[in-house]
Every structure is written in C-alpha cells, then in structure tokens.
Amino acid sequence: MDDFVKINFLGAAGMVTGSKFLIETSEKKILIDCGMFQGLKELRELNWRDLTIDVGSIDVVLLTHGHLDHVGYLPRLLKQGFLGPIIGTAPTLAIAEIILKDSAKIHEEDAEKANKDNYSKHQSALPFYTVKEADKAIEQFQIEMDDKWIYLSEHIAYRFQYNGHIIGATFIELDINGKRFVFSGDIGRTDDYLLSDPKSPEWADFLFIESTYGNKLHPVENVEEKLANIIRETLNKKGILIIPSFAVERLQTLMYILWRLYKKNKIPNIPIFIDSPMGNNVLNVFNRFPKWHKLSVEDYQAMCNHMNIIHSYKETWETIDDKRSKIVIAGSGMVTGGRVLTYLQQLIDDPATTVLLVGYQAEGTRGRQLKNGAHEIRFFGKYYPVKATIESIDSLSAHADQQGLIKWMSTIKNRPEQVFLIHGEPSVLDAFRVKIKDTYGWDVSIPKLSDVEKIMI
C-alpha cells in the first residue's frame, strides 16, 4: 500500500452543511457522508454543480447518520456514476430512505409549482432529483452493525460507534494501514430525552470533528416550564402555537415532552396535531428499533395515542379551518419547506399566532430570519407580514455544545497528529480551534471547501 492518504473536503468545510469527505488510498476510495448544502442561496446553488472528482471511481459510501445534509446528495452521486454500496446502521438507512423519498417528492412538487405559478427564474424548473432517482440510491443501501470492525480491503477497516444525536447515528473510525481516522459525524448530547449518551473515541491519529456549537454553551433553561408557559399564553390569546420541527428526533422529542407535561398536569388537554408525513414515518423507525432509544413500548404507544396524527393535505386544511386553540407541529425545522409553510401562509399575519422555533436555524433560512426579527417572510413567490409572536427554545438542540465536544475528545488517549474542524460557520470554527489548542495543545486546522489534504502514513 502507498504511504499516503488524500482527503478531499467536498462539503461541510468552512460551513455547516453538505457533509462529504472523500478518502483516497491506493486500495480504496471511500466517501464519508454525501449530504446536500442547505441555507444561503450561494450554498444551495453548489448542489447543482457536479463534483470535481471521478465519482465512478468511489468504491463505497459510509454514512454517519440519516440527516439530509449527510445523505441528500446520494441520488446525484449515482447520476454522476457511483455504483458501489451505501453503508450505514439499520436505523440510519431507514431514516435516510424516508428523508430521500420525502426530499425527492418535495423537489418534484416545488418544480411543478414553480412552473405552474411561473415564479421560477429558469425557463422550466427541474427537480433536484426525482422519486425514481431516490429509489435507485436506496437500492444500493447495505446495513452494517455498529461496534464491529469491518474490512474493506487488506489494510482498511471501519467501525460505526453509537453517537446519540438521532436514532442510528454513529461516528466512524477508519483504520488505514494502522493509522486511525475518526469522523465524528454529528455528536449528540448527554441526558437526552430519547437517546443514550454518545460513545467517544479512545484513539485518533487524525480527527475530523463537527463544530456546529463549537463556540457556544447550550442555555440552561427549563424546557418543560418554558413550553408550558408558551402554551398557556397561546390559550389566553385563543391562538394557535405553530412549532416548525425537524421530522427526525426533534418531532419525537417534542411529542414526548408535551405528553409528559399533560401527564404531570402542567398543561391542559389542548389538541396537538402532528403534521409531518416524514415525521410519522420516523415514528415507525422508533417502533422498529427499540434498542436504539430509551422509550418503552408502553410510553411510545401512549405518547402516539395522545396526538392527532395528520395523514393528508386535506386534514391540514381541516386543522387550519378548526378555530380552536391548538398546537401544530409541522416540518420543516428551519422553515425551508414542508407543511409548516401552509400554516404560516394562513396564520403568520395573525397576532394571536405564536411560532416557536426549536433548535439550530442555519444562516439563510426562514427560521433564522424569523429568529432575527424579520418583519416579513417570503415563500411561494410572495411576501407575508409577520405579526405572530416569535419564540425560541435553544436548549433542545440534538448537537453537543462546546463543553460536550471538548468532553467527547477527552477520552482520546494519544495526541492526534492533526485535528480538522468541520461543520461550522467561520467565526465558530476559529473560536473552537482556540479552545481545543488551549485545552489540549493539539494541532488544529480549518479546511476550506475543495481543499485536498495529503497525509503521509
């Protein structure tokens, strides 16, 4: 085997989204994650460019977890010639299948709507990928166990290790000719409502670590108390509480907290509507993989029975027309698309409405605009005045904060030869670099998009 490894930073370098890292060796070419860029328009436009590498020569894709910014580019990868297996844990692939199908459906619908209403800048708007193309990618899925070394070739092996964050999520350890490359994926939090604490690595010669909250500590707030207060205020206004939510993990966590609040008599029996086709499918993943989360079968069923699960767009409109005070949880979490836009279109100009943002809102998303106090918001080709009350709960993030990330690294017994900071906005990456240097004295670098790092081994 040659004595070097090339790392291509094809995404999540100098930014939070679009996770893609190509590892080239003389034996294998391995792509870690294959995500879409989200957020600012200039980032989203990168999705439409073909990768600057020979995609057909990639042997395998390893997935840390099923979020769109880690799996959403897979159909495009196939279109550019990838033929190999796409490997992840069973829940990760179940989530990835749901997300790809849902995403493809939205791409098709958005293109159709843009053409019909004539608000596309292009002569004919095309979907980023189709349901058929998503299905092709799903056919190449291959399940692998966690906590087990799997050989890809004579000198290369990998292992998935439980990482919290969302159901099925892992960090990936890659052993190349005796050197350990660790890709953190997204690191979960300790004391999560639904998931066990993440494991952490014991050895890392080269560490690639996410930095989403690398400069922040999650606020210490009583989530249940704050949520109960917001619900009571909504009832007093005879209004509607709209919670844009990620379909994976966040929605299930919110359901669990609301059910707990009702059980403890902290909130009245206010109607709760779950309007997320993708979220409903994710609930089934929780049902299928009980060993990957902390909910008992009984609690899971009681929680689901307490909610009104919406199955059709017709029911969405019935829910909007129902004038009772209620809670609506709908996708998407950063208000970038999904059913939540239909509710906001009808209700965001009503002072009785409250919109509760939970978790990270990326730069360039409508969620970030609302959080920053935007007086109007644009979607479906039009502007809508924001008269609703905008609230936020920041401590429900599924990512470890700076303290959690530093702790996660504390189990590494050796001094890494190099630490690469990925998945972060520029100012965050720099602050986290300083923190790691001050804490551990390690060499830290911040790769940029399209950088190629040649590592001697």
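Position 1 is the first residue of the sequence; numbering continues from there.
A salt bridge does not link Glu363 with Arg368: none of the charged nitrogens is closer than 4.0 Å to a carboxylate oxygen. The existence of a salt bridge linking Lys29 and Asp54 is excluded, since no basic side-chain nitrogen approaches an acidic carboxylate oxygen closer than 4.0 Å. By the 4.0 Å N-to-carboxylate-O rule, Arg433 lies close enough to Asp430 to be salt-bridged with it.
Note: Leu63 CG to Thr89 OG1 = 9.0 Å, rounded to the nearest 0.5 Å. Between the CD atom of Glu298 and the OH atom of Tyr300 there is a distance of 13.0 Å, given to the nearest 0.5 Å. From Met255, atom CE reaches atom CZ of Arg260 across 15.0 Å, with rounding to the nearest 0.5 Å. For the atom pair CZ (Phe21) and CD1 (Ile32), the distance works out to 9.0 Å, reported to the nearest 0.5 Å. Considering OG of Ser392 and NZ of Lys226, their distance stands at 5.0 Å, rounded to 0.5 Å. In this structure, CH2 in Trp408 is found 5.0 Å from CD1 in Ile209, a value given to the nearest 0.5 Å.
A donor atom on one side chain and an acceptor atom on the other are found under 3.5 Å apart for Tyr129 and Ser103. Side-chain atoms of Asp33 and Thr64 include a donor-acceptor pair closer than 3.5 Å.
Crowding of Lys413 atom NZ: a count of heavy atoms from other residues, nucleotides or ligands under 6.0 Å not exceeding 12. The local environment of CD in Glu376 is crowded, with over 12 non-hydrogen atoms from other residues, nucleotides or ligands closer than 6.0 Å. Residue Lys199 places its NZ atom among more than 12 non-hydrogen atoms of other residues, nucleotides or ligands, all under 6.0 Å distant. The number of heavy-atom neighbours closer than 6.0 Å to CD of Gln80, taken from other residues, nucleotides and ligands shown, is above 12.
Under the 4.5 Å side-chain criterion, counting only non-hydrogen atoms from C-beta, Phe379 is not in contact with Val335. Residues Met307 and Ile329 have side chains not in contact (no heavy-atom distance under 4.5 Å, counting atoms from C-beta outward). Using a 4.5 Å cut-off on side-chain heavy atoms (C-beta onward), Ile455 and Gln418 make no contact. In this structure the side chain of Ile348 reaches within 4.5 angstrom of the side chain of Leu370, judged on heavy atoms. Gln369 has its side chain out of reach of Ile390: every pair of non-hydrogen atoms, C-beta onward, lies at least 4.5 Å apart. Contact annotation: the side chain of Phe208 never approaches that of Ile23 to less than 4.5 Å [non-hydrogen atoms, C-beta and beyond]. With contacts defined as side-chain heavy-atom distances shorter than 4.5 Å, the pair Cys34/Leu74 qualifies. Side-chain atoms of Val285 and Ile167, non-hydrogen and from C-beta on, do get closer than 4.5 Å to each other.
When ring centroids are compared, Phe160 and Tyr158 come within the 6.0 Å threshold.
Under a 3.5 Å cut-off, the side chain of Ser211 and the backbone N or O of Ile422 do form a donor-acceptor pair. Glu133 places a side-chain N or O within 3.5 Å of a backbone atom of Thr130 that can act as its donor or acceptor partner. Asn47 contributes a side-chain N or O that, together with a main-chain N or O of Phe37, makes up a donor-acceptor pair within less than 3.5 Å. Remark: side-chain polar atoms of Glu27 are paired, donor with acceptor, to backbone N or O of His155 under 3.5 angstrom. Under the 3.5 Å distance criterion, the side-chain polar atoms of Glu97 are left unmatched by any main-chain donor or acceptor of Ile138. Between the side chain of Ser332 and the main chain of Gly337, a donor-acceptor pair closer than 3.5 Å is present. With Asn163 contributing its side chain and Ser184 its backbone, the two residues share a donor-acceptor pair below 3.5 Å. Judged by distance alone, with hydrogens and angles left aside, the side-chain atoms of His70 form no donor-acceptor pair with the main-chain N or O of Gly35 at under 3.5 Å. With hydrogens and angles disregarded, no donor-acceptor distance shorter than 3.5 Å links the side chain of Arg189 to the backbone of Gly404. The backbone N or O of Gln361 lies less than 3.5 Å from no partner atom in the side chain of Thr365, so there is not a single donor-acceptor pair.
The aromatic rings of Phe181 and Phe206 sit parallel, their planes meeting at an angle under 30°, below the 60° perpendicular limit. Between His306 and Tyr262, the ring planes are parallel. Angles under 30° get that label, and only those over 60° would be called perpendicular. Classification of the Tyr256-Trp259 ring pair by plane angle, with boundaries at 30° and 60°, yields tilted.
For Ser200 against Phe171, the heavy-atom pair with the smallest separation is C-CZ, 3.7 Å. The two atoms that bring Phe289 and Ala90 nearest to each other are CE2-CB, 3.6 Å, heavy atoms only. Nearest heavy-atom pair across Leu40 and Gly364 is CD2-CA, 3.5 Å. For Ser245 against Arg250, the heavy-atom pair with the smallest separation is OG-CG, 3.5 Å. Scanning all heavy atoms of the two residues, the minimum distance from Arg366 to Ile377 falls at CB-CD1, 3.5 Å. Taking every heavy atom of both residues into account, Pro127 and Ala111 meet most closely at N-CB, 3.7 Å.
Residues passing the salt bridge (charged side-chain N to carboxylate O under 4.0 Å, His left out) test with Asp192: none are found, sequence neighbours excluded.
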Q: In sequence, state the C-alpha distance, the side-chain angles, and the governing distance for Asp451 and Phe420, and then conclude on side chain to side chain contact (heavy atoms under 4.5 Å, CB included).
A: CA-CA 12 Å; Asp451 277 2; Phe420 299 94; over 6 Å; no
Q.
Before you tell me yes or no, could you show the steps for Ile436 and Leu421 under side chain to side chain contact (heavy atoms under 4.5 Å, CB included), namely the whole-Å CA-CA distance, both residues' side-chain angles and the distance that decides it to 0.1 Å?
A. CA-CA 10 Å; Ile436 294 170; Leu421 300 191; 3.6 Å; yes
Q | Worked check of side chain to side chain contact (heavy atoms under 4.5 Å, CB included) between Leu77 and Val55 | A | CA-CA 7 Å; Leu77 195 74; Val55 170; 3.8 Å; yes
Q.
One pair to check against side chain to side chain contact (heavy atoms under 4.5 Å, CB included): Asn287 and Leu283. What are the steps and the verdict?
A. CA-CA 6 Å; Asn287 201 22; Leu283 275 173; over 6 Å; no
Considering only distance and modelled atom types, tabulate donor-acceptor pairs under 3.5 Å from the side chains of residues 212-222, sequence neighbours left out.
from	atom 1	to	atom 2	distance (Å)
Thr212	OG1	Glu210	OE1	2.8
Thr212	OG1	His423	O	3.4
His218	NE2	His399	O	2.7
Glu221	OE2	Asp394	N	3.1
Glu221	OE2	Ser395	N	3.0
Glu221	OE2	Ser395	OG	2.7
Asn222	OD1	Glu224	N	3.2
Asn222	OD1	Glu225	N	3.0

